[in-house]
Amino acid sequence: MNERKKKIIITKAIIIVVLGLVLGISCFFSKPIERALGIGKKETSYVEGAKIDENDLSVNFIDVGQGDSTLIILPDDTVMLIDAGKASAGDKVVSYLQEKDITTIDYFILTHSDEDHSGGAKKVFDEFDIKTVYRPFQISVTKETGEASESEDLEEYLDIYGSKINKISTAVYRNFITAAYNEEYAPGLFADVIVHSEGVKIVSKDSTKPFTFEFFAPLKIDDTPVSEHSTKTSGYPTKYYSGSLAESNNAASPIMLLEYKDNSFVFTGDAPEVVEEDFLQSIADKESVKERFSDVDVYSAGHHGSKTSSCQDFLNQIDPTYTVVSCGKDNSYGHPNQEFVDRVNSLTHRVEDYLLRTDTMGDISFGYYDGQLVGAENDLVIGQLIYVANKSGEGVVIYWWYIALGTFIVLSIVIISVKVSKNKMTTAKRFVKQTEKVTKKLKD
Ligand SMILES: [Zn+2]
């Protein structure tokens, strides 16, 4: 090998190594590069790579497609699950909890009977120890006879309220009721099934980390506790809303407020406008409650962002920073509805950075920043309420390093192949020359 060839090879090797080094080092400056190029994930309310403190409160909106399931790990280490998505989402909910090493659910709240909330409950009961169940005042009946299903503990109310009670004949709701009252599913659970209504409260078991989780709807309609008409249930009968079956079912949903530190979270299941208005009226002269329901940090949008929930009065009252919509990709209901989006957009925190959707962002978790974020600049303060999600929700995200790595590989190939093609060229020239020589000799 002559000196010139050696030099060329060394130069090429140096170029490739330098390019590789530049690429490697630039990985540590990914955020400034993304910012400079104007690509990558949006940052205003989201910092990639940030983690939430696993030893403190976390509110996790599980991506269950079209449906709802929210896991709350409370500051006193107790575990709450609000709804469990459709039956087909049961496995996802179970694995999501198992990945967090959860074995016991201290509070299982079923907002209402609809399949997209109750369907996965049976699988959850199969896999975890459930300590307390909060159920809606909806009576499980059989389709054939209209009588209470076998495990239903509130059957007396069918006689007490007659037609003015919400009767549910679906198999998924019957499965939930069976699981909630069945000794096999829930050993020792009896008498820990509670009908949710205004006034029901869950407080911290750890006095150093006080929080309050409180129900404000549905409204009670009777001051006689259900325990007078049941053997295994406590709580109070709640208001019945007539209308279509779907409306009536959705209206069994509670309005719930979680307060911890300076933060507040509101959950409303599929509660429609009529429930929101009733609630607002019930707190109209309660300034302290109105105060608690103002400037909410996170609002789990009622009924997956349907236009029939999140009425303007309710939104104006809570004026949420973040609004989270749990819905399926390209769902047939058109959730979140444009009218709902427009209403959210009229608030202080408009939709652009503050409307989060599970269909585009996957699982979304709120919690407190743990202070550990390697390799990126950020303005986060330890203990600040942040959210993390699977995806940024900004559509197709072009990572700058995909481009950089692609360019590196292409350049390397070009640099190497130039040499090869040059060699080929000389070989071809040599071949032509030799052929010419041979032809010449033959001619001679
Ligand atoms: Zn729903």
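Counting starts at 1 for both ligands and their atoms, in listed order.
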Quick check: does [X] have an N/O/S atom under 2.8 Å of the Zn ion (ligand 1)?
| X | result |
| --- | --- |
| H304 | yes |
| D68 | no |
| H117 | yes |

Inset, instruction - Mark yes when over 12 heavy atoms from residues, nucleotides or ligands other than K307 sit less than 6.0 Å from its NZ; otherwise mark no. - result: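 Atom NZ in K307 is not crowded, with 12 or fewer foreign heavy atoms closer than 6.0 Å.
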Inset, instruction - Give me the ring orientation class for F366 and F61: parallel if the planes are under 30° apart, tilted from 30 to 60°, perpendicular past 60°. - result: perpendicular
Legend entry - Donor-acceptor contact below 3.5 Å, side chain N345 vs main chain V351: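 Such a contact is found between N345 side chain and V351 backbone.
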Legend entry - Note: D76-K209 ion pair, threshold 4.0 Å (strictly below): no
Inset, instruction - Determine whether the aromatic ring centres of Y161 and Y240 lie less than 6.0 Å apart. - result: no
Inset, instruction - Would you mind naming the N, O or S atom of D270 nearest to the Zn ion (ligand 1)? - result: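 That would be atom OD2.
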Inset, instruction - For the Zn ion (ligand 1), find the closest N/O/S atom on D116 and give its atom name. - result: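 Minimum-distance N/O/S atom of D116 relative to the Zn ion (ligand 1) is OD2.
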